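Bear in mind that the values here come from a model prediction, so they are computed numbers and not experimental data. Scope of the values below: all heavy atoms of this structure, side chains included, with no hydrogens, waters or symmetry mates. Just so it is clear: chains get the letters A, B, ... in the order the sequence lines come, proteins before strands, and each one is counted from 1.
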Number of protein chains: 2
Amino acid sequence: MYSFTEENYLKAIYKLQEQSSEAINTNAIAISIQTKAASVTDMIKKLSEKKLLEYEKYKGVVLTELGKKVAIETVRKHRLWETFLHNKLNFTWDAVHDIAEQLEHIQSQELIDKLDDFLGFPSHDPHGDPIPGKNGEIKESNFVILSELMEGETGIISGVVNHSSLFLKHLESNELILGKRIMVEEVVAFDNSFQVKIEGKKILQLSNEVARNILVKKMK
Amino acid sequence: MYSFTEENYLKAIYKLQEQSSEAINTNAIAISIQTKAASVTDMIKKLSEKKLLEYEKYKGVVLTELGKKVAIETVRKHRLWETFLHNKLNFTWDAVHDIAEQLEHIQSQELIDKLDDFLGFPSHDPHGDPIPGKNGEIKESNFVILSELMEGETGIISGVVNHSSLFLKHLESNELILGKRIMVEEVVAFDNSFQVKIEGKKILQLSNEVARNILVKKMK
DNA sequence: AAATATTTTTAGACTAATCTAAAAATTGTA
DNA sequence: TACAATTTTTAGATTAGTCTAAAAATATTT
């Protein structure tokens with residue numbers, strides 16, 4: 001229905017819209033999609049003609065309901081494929097993104113529905129991001145960042161804020177893996193770093209920077 | 001590495017080469033790939049420059065070792081994805097081909113290796129076609145066509161000769177499904193049709209046309 | 001072997017997506 | 001408010017893949 005490129009533009013604009021609430025300007029799209037502003041202008045004209053977004057010269061763009069729907073469908077596909085790669089094929093946390101960028105453009109509604117079923121209708125992908133449902137609904141997640149936990153509190157590692165490959169690799173090499181139970185032993189007043197215990201055995205020292213980028217499900 | 005289109009041309013030429021032993025001519029490729037002869041001429045020039053095939057004007061083409069390697073890798077990906085779709089996602093026999101046509105172009109060696117592992121290193125896809133190994137080796141299969149069985153002989157349904165959606169749907173609606181045991185009760189002399197018994201219960205009458213297009217593994 | 005039919009190639013054009021360089025509009029600042 | 005800086009758009013070119021129509025080569029028939 002929509003091309004590889006069109007889907008990528010819509011997804012990028014959708015993600016920018018999630019953060020800003022104002023119309024998205026050309027340069028922001030160009031940076032996010034790693035292309036030139038002139039190319040973006042061309043493409044948004046085309047998307048505007050197809051009623052996927054509203055565009056006024058020099059004023060930036062806003063997705064229409066249709067554009068948003070297509071974007072959310074693409075996000076849904078991306079996150080389901082990431083979950084497949086991680087849960088079924090044992091790809092590491094940091095390796096799934098690039099492959100899912102390709103897989104998300106496969107055209108088949110039936111494929112996505114069956115994949116969703118096969119994975120057990122997961123609510124979140126391996127990075128802790130919510131997976132939109134078949135009708136585009138997105139569940140609120142009750143994850144908090146690790147640095148919000150008090151001394152003595154426990155959480156289950158459920159996702160990340162920073163998605164960079166560097167950060168994800170760092171986590172994995174320290175056994176900070178999805179699903180692991182983590183307990184805050186001490187918050188060091190001096191630098192706000194965290195001393196934590198992972199699933200009974202390992203004790204680790206985490207910088208505040210790291211603690212601010214890990215999502216946990218808080219245990220009562 | 002190679003584009004979607006390049007891979008499709010190489011795969012098509014490879015399949016034509018499997019049948020003919022002579023150089024493959026432009027028109028045959030055009031028909032197989034559903035395009036025009038002029039487009040084929042353009043593309044084979046390009047593939048020839050990239051050393052993927054040998055081309056002499058008006059004489060047709062022959063794949064080089066490199067071209068053959070790329071073609072076999074694409075076939076391997078296609079058949080592994082078909083197996084995934086059928087075995088894991090429960091797609092019917094006739095639905096897997098079109099989706100695999102898209103999935104076969106996803107670029108990631110690691111993905112294919114992990115998928116192969118996940119599927120248990122299958123030797124054949126759901127149509128009974130052999131899945132090339134990681135190094136391009138293709139196992140001989142000892143399947144025979146159903147119409148070669150004598151009265152009283154038994155086989156396991158293992159694949160098809162005709163891959164058309166029409167034929168595959170016909171088989172499925174008659175419970176002629178991969179893995180089922182089939183026994184020849186009678187070969188009707190008049191029209192060479194087959195009376196068969198499927199896995200203990202159903203008795204079916206199969207035309208010779210149908211019997212010639214089902215592959216079975218013969219039981220001793 | 002000449003005439004005819006078929007196949008293949010060339011020439012030139014088209015679309016989607018991209019780019020660079022320059023022009024136009026907007027925003028920020030003195 | 002006017003000048004400078006930044007952002008955005010336009011104009012024109014490029015690449016991959018495709019097409020039609022015509023020309024050239026090959027194959028077939030008489």
### Query
Who pairs with A:N192 by side chain to side chain donor-acceptor pair (under 3.5 Å), at least two apart in sequence or on another chain?
none
### Query
Within the side chain of A:N213, is there an N or O that forms a donor-acceptor pair under 3.5 Å with the backbone of A:N162?
yes
### Task
Could you note down all residue pairs passing salt bridge (charged side-chain N to carboxylate O under 4.0 Å, His left out) where residues 85-104 of chain B supplies at least one of them, sequence neighbours left out?
B:K11-B:E101, B:K11-B:E104, B:D94-B:K169
### Query
Would you call the rings of A:H105 and A:F4 parallel, tilted or perpendicular, where under 30° means parallel and over 60° means perpendicular?
tilted
### Message
When you measure from the side-chain N and O atoms of B:S39 to the phosphate of D:dC19, is any distance below 4.0 Å, counting only OP1 and OP2?
### Response
yes
### Query
Between B:F118 and A:F84, how do the two ring planes meet: parallel, tilted or perpendicular, split at 30° and 60°?
perpendicular
### Summary
In numerical order, the residues of residues 52-63 of chain A whose heavy atoms come under 4.0 Å of DNA chain D are A:Y55, A:K57, A:Y58
### Message
Suppose the criterion is salt bridge (charged side-chain N to carboxylate O under 4.0 Å, His left out): which pairs have a residue in residues 27-38 of chain A, not counting sequence neighbours?
### Response
none
### Task
May I ask you to check whether B:E82 and B:H78 show a side-chain donor-acceptor distance below 3.5 Å?
yes
#### Entry: Of the listed nucleotides C:dT9, D:dT8, D:dC19, the one nearest the side chain of A:T41
D:dT8
### Task
Give one of base, sugar-phosphate or nothing for B:Y9, where a contact means two heavy atoms less than 4.0 Å apart.
sugar-phosphate
### Query
For DNA chain C, what residues of residues 21-30 of chain B have any heavy atom nearer than 4.0 Å?
B:N25, B:T26, B:N27
### Task
Do nucleotides 11-16 of chain C as a string where each nucleotide becomes B, S or -: B if the base has a protein heavy atom under 4.0 Å, S if just the sugar-phosphate does, - if no protein is that close.
-----S
